[in-house]
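Below: the structure, in structure tokens.
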Amino acid sequence: MGIKIKICIGTPCHLMGSQNLIEAVQEFNKKIETDIEVEAVNCLDKCKGAPAVKIDDEVYAPARPKDLIDLIKEQLR
Amino acid sequence: MPKNVSEVTKLRRRVFSSIAQLAFEDRLAEDIDKLPEQLIPEQGLGYRCCAHKERAIVNHRIKSALGLEANGDAKNLKKLAIQALELEKITGNNIDVLDIACDRCPLDKYRVSDACRNCVDHSCMNVCPKGAIVIVQNRAYIDQNKCIECGLCQRFCSYNAILKMSRPCETACGIEAITANSDRQAKINYDSCVSCGSCVQACPFGAITYKSQILQTIKMIKDEDTIAILAPAFVGQFGAKIKITQIKQGLKELGFKMIKEVALGADIVTIEESQEFLDKVPNKQNYLTTSCCPAFLALIEQEFSELIENISSTVSPMVALAKVLKEDYPDSKVVFIGPCIAKKDEALKNHELDAVLTFEELGSMFVGAGINLANISEDNNCESANDEVATDDGRTFARSGGLIKAVEGAISQIDPSKEFNKIKAQGLEECIKTLRLAKANQYQNSFIEGMGCQGGCVGGPATLMDTKFTTKQVNNFGEQSNIRYSVDNNEAKAFISRFGSHKFHRE
């Protein structure tokens with residue numbers, strides 16, 4: 001079972017650390033066997049809650065890399 | 001720049017973006033009073049005791065973001081906004097402690113933790129040269145009046161039960177310019193401070209901040225022709241996928257009339273500094289130190305004044321480029337954009353510069369103006385990497401070792417037989433060690449490159465990306481130039497012959 005994650009790299013999200021989210025997912029991906037497909041996107045239309053992430057069809061606003069990994073773990077369960 | 005964007009950094013950027021948005025939309029004075037509530041929700045952010053305290057602190061953050069002194073009265077934001085809009089020039093110190101936000105971290109350096117088992121050996125007590133350790137309630141206790149902070153007890157405890165406490169701001173400062181006063185409040189000693197910005201990054205309470213020039217810059221780009229000059233560390237700052245043409249186009253959309261790379265100024269500096277080395281070393285002096293990094297320059301001036309003669313008299317790339325732009329466009333304003341807070345101090349001493357922004361401030365301005373660089377087309381009219389605007393050597397000035405590479409390259413083209421010993425120092429602590437050796441006459445025929453930040457400018461306190469990543473980006477960007485050596489940059493040479501070498505030297 002794979003998950004598709006879109007991480008916004010638009011300027012508002014970049015300033016709020018979206019590059020850290022991408023790194024965190026890549027690290028996590030190396031550790032587990034499940035395939036996570038990461039895609040950098042230009043905007044998820046949630047600039048106020050930056051950084052924005054889309055997992056499957058739902059948009060989230062994980063403040064820290066750890067919050068995103070928790071979200072992914074929940075999805076994998 | 002630490003790997004992860006911290007929560008206090010995010011808060012500072014939110015404050016900056018909000019100010020930028022209000023300024024762009026011409027409703028700063030009207031709506032600034034609503035900002036604290038927008039930035040700090042009713043339930044608070046969980047940093048402090050309550051939302052009220054957080055909002056009181058955010059008022060001071062806003063005040064500093066307006067370009068005003070962070071401390072003092074910050075209740076009436078509307079009044080402060082009007083005052084800031086009328087501000088001609090930033091005055092006073094750029095970096096300051098927000099007194100209200102300083103958590104007054106404990107001073108006691110060594111403490112005994114729960115891990116103490118009150119063992120039979122009591123090696124802590126035995127090793128203590130001052131008899132400062134006693135047993136209280138079945139546990140070792142350090143009498144702080146007797147403790148001389150030698151750290152022996154910590155080293156000898158078999159349970160690692162003794163902790164060393166240190167204040168993050170003091171640990172981060174390479175020159176001991178920040179200390180606690182009697183009520184444990186952090187205070188900066190401005191006679192020693194070189195504005196490197198390490199403490200701004202280090203404080204986990206976000207209690208140290210710097211004055212922003214966002215508001216003054218927005219006013220400038222609205223009212224006058226304003227030129228943006230981009231420090232060589234700009235490549236990759238807005239993310240791995242954002243191209244330099246997108247950054248430059250973004251600047252145009254903000255309202256800047258022209259965008260220039262400071263790497264061109266770096267080429268001018270390389271030509272002048274290599275000539276200076278050839279002329280002065282070893283005839284007049286044993287070594288020459290660089291002068292581009294304002295923190296390194298201030299360090300020599302304040303702590304090693306006997307070495308001043310050995311500093312290169314060449315101006316920094318920022319000043320060199322601003323000087324030629326002011327000749328060609330005398331009615332335009334020039335704004336430097338870089339990774340550095342110390343440049344704000346340097347600009348105050350050079351009338352050619354009208355403002356200095358950090359990459360963080362620029363990013364916040366993009367957000368405030370609703371500009372998303374990712375949505376801008378890469379193929380636009382802006383100068384790209386292969387356009388002959390600067391050389392490889394000029395572009396790699398941004399990383400540690402870059403100045404050595406450039407000046408060595410230039411000298412190899414002029415006089416390959418010249419003896420050229422390379423000395424490199426990055427971070428203030430290493431700079432101090434190197435300058436001590438210089439003072440002890442340990443260097444001959446040497447070129448000393450000093451950069452106040454680890455990794456050079458790419459590791460600056462107001463960068464948006466990791467140091468390693470930007471170093472690679474800067475190196476690649478340099479390689480894309482068609483010209484290798486600064487001495488082969490015709491535009492730089494033309495400027496020097498038009499205005500004369502003396503224009504690019506400090507008096």
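Letters go in sequence order (proteins before strands), and every chain restarts at 1.
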Compare every heavy atom of [Y] with every heavy atom of [X], then report the nearest pair and how far apart it is.
X        : Y        : answer
B:Ala374 : A:Ile9   : CB-O, 4.4 Å
B:Asn372 : A:Asn42  : ND2-O, 2.9 Å
A:Thr11  : B:Gly363 : CG2-O, 4.2 Å
B:Glu7   : A:Ala63  : OE2-O, 4.3 Å

B:Gln246, part contacting chain A, at a heavy-atom distance under 4.5 Å: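 For B:Gln246, neither part sits under 4.5 Å from chain A.
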
Pick one of side chain, backbone, both or neither for B:Ser364, based on which atoms fall under 4.5 Å of a heavy atom in chain A.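 Both the backbone and the side chain of B:Ser364 come within 4.5 Å of chain A.
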
Once you round to the nearest 0.5 Å, how far does CE of A:Met16 lie from OG of B:Ser17?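 A:Met16 CE to B:Ser17 OG: 5.5 Å, rounded to 0.5 Å.
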
About how many Å separate CG of B:Asn4 and NZ of A:Lys66, when rounded to the nearest 0.5 Å?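 Output value for this atom pair is 13.5 Å.
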
Is it true that atom CG of A:Asp45 has more than 12 heavy atoms of other residues, nucleotides or ligands lying nearer than 6.0 Å?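 No, CG of A:Asp45 has 12 or fewer neighbouring heavy atoms, counting only those of other groups under 6.0 Å.
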
Please examine the side chains of A:Gln19 and B:Asp466, heavy atoms only from C-beta on, and report whether any two atoms are closer than 4.5 Å.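 No, every pair of side-chain atoms sits at 4.5 Å or beyond.
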
If the test is side-chain contact (heavy atoms from CB on, under 4.5 Å), which one of B:Arg13, B:Glu360, B:Lys10, B:Arg14 qualifies with A:Leu15?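 The residue from B:Arg13, B:Glu360, B:Lys10, B:Arg14 that satisfies side-chain contact (heavy atoms from CB on, under 4.5 Å) with A:Leu15 turns out to be B:Arg13.
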
Kindly say whether B:Gln237 contributes a backbone atom to a donor-acceptor pair with the side chain of A:His14 at under 3.5 angstrom?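 Yes.
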
